[in-house]
Amino acid sequence: MGIRQKVKVRGGAAVAVAAVLALALAGCGGDGEKAKGPTKSETPQSQAISPQAPAPTASKGSGPLEVIATAQGPSGLTLEINSAVRDQDGYVTVSGQIKNTGSAIFSSLGPLRGEEKTASHGSVAGATLVDAVGKKRYLVLRDTEGRCACTTGLQIIDGGGSVPFFAQFPAPPATTTEVVFGLPTFAAATIKISG
């Protein structure tokens with residue numbers, strides 16, 4: 001291999017490394033936008049393993065999260081829904097907080113995952129959206145092994161504490177702007193879909 005060929009190879013490698021670093025830095029940029037749901041090209045399994053739309057969290061200076069609906073649950077639990085966003089890929093992501101307004105630790109979160117034996121443990125896989133006008137109920141998206149595209153790993157909620165959640169659904173028709181969100185053991189809540 002001649003000197004010119006070695007220089008070309010090294011120069012090409014340097015360009016490739018620079019491109020990878022630029023993409024990595026661009027991915028780390030915090031422009032404040034919420035992550036979008038999975039694209040159509042992703043497999044259902046990757047949706048459940050690596051959720052794409054985490055529940056919102058308050059950051060310094062952003063103030064309290066907007067609450068678009070609330071629902072009462074068992075033992076002093078309150079469900080606060082902060083957003084229901086439709087994306088261009090055909091999904092609706094509902095995000096919010098489950099708050100424990102009592103003083104005791106709440107650990108009976110099993111019913112939130114619904115009745116399916118294949119549902120993700122410690123999850124909100126039992127959530128539903130109901131389109132009353134279209135007379136259709138939408139379930140949380142799942143992969144082929146039954147793992148949900150939703151928050152998992154919920155175990156306890158400390159007294160006075162809260163945990164963020166999200167659940168992703170197939171989107172109702174574009175003409176549907178209002179749906180009823182349901183989570184087992186909580187009252188139903190009517191929410192407006194944005195986006």
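Position 1 is the first residue of the sequence, and the numbers go up from there.
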Could you grab the distance from atom CZ of F169 to atom CG of L129, nearest 0.5 Å is fine? 4.0 Å
Could you check whether any side-chain N or O of S83 sits under 3.5 Å from a backbone N or O of V85, counting only pairs where one atom can act as donor and the other as acceptor? no
Quick check for you: to the nearest 0.5 Å, what is the distance between D87 atom CG and S194 atom OG? 10.5 Å
So do the side chains of Q97 and V163 get within less than 4.5 Å of each other, counting heavy atoms only? no
Could you walk me through whether N82 and V67 pass side-chain contact (heavy atoms from CB on, under 4.5 Å), step by step? CA-CA 5 Å; N82 303 117; V67 176; 4.0 Å; yes
Tell me, please, which residues at least two apart from P170 pass side-chain contact (heavy atoms from CB on, under 4.5 Å). Y138, L141
Restricting to salt bridge (charged side-chain N to carboxylate O under 4.0 Å, His left out), what partner residues turn up for K192, sequence neighbours left out? E178
Between P111 and P184 the two heavy atoms that sit nearest each other are O-CB, 3.2 Å
What closest approach, in Å, do F165 and I98 show between heavy atoms, and which atom pair accounts for it? CD2-CG1, 4.0 Å
When you compare the side chain of V124 with that of V140, does any pair of heavy atoms fall below 4.5 Å? no
Within the side chain of S95, is there an N or O that forms a donor-acceptor pair under 3.5 Å with the backbone of F166? no
Only counting residues at least two apart or in another chain, list the ones meeting side-chain contact (heavy atoms from CB on, under 4.5 Å) with T176. D131, P172, P173, V179
Give, for atom SG of C148 and atom CZ of R113, the distance between the pair rounded to the nearest 0.5 Å. 11.0 Å
Which residue pairs satisfy the salt bridge (charged side-chain N to carboxylate O under 4.0 Å, His left out) criterion with at least one member in residues 69-83, sequence neighbours excluded? E80-K99
What's the shortest heavy-atom distance between L183 and G126, and which atoms? CD1-C, 4.5 Å
Shortest non-hydrogen separation from A69 to A189 and the atoms involved: CB-CB, 4.0 Å
Do any side-chain atoms of residues 100-110 form donor-acceptor pairs under 3.5 angstrom with protein atoms, and if so which ones, sequence neighbours left out?
from, atom 1, to, atom 2, distance (Å)
N100, OD1, G102, N, 2.9
N100, ND2, A104, O, 2.8
N100, ND2, I157, O, 3.0
N100, ND2, D158, O, 3.3
T101, OG1, G76, O, 2.5

Could you list the cluster mates of V130? Members are the ILVMFWY residues connected by side-chain heavy atoms closer than 4.5 Å, either directly or through other members. V180
Gap separating the CZ atom of F186 from the CD atom of Q72, nearest 0.5 angstrom: 8.5 Å
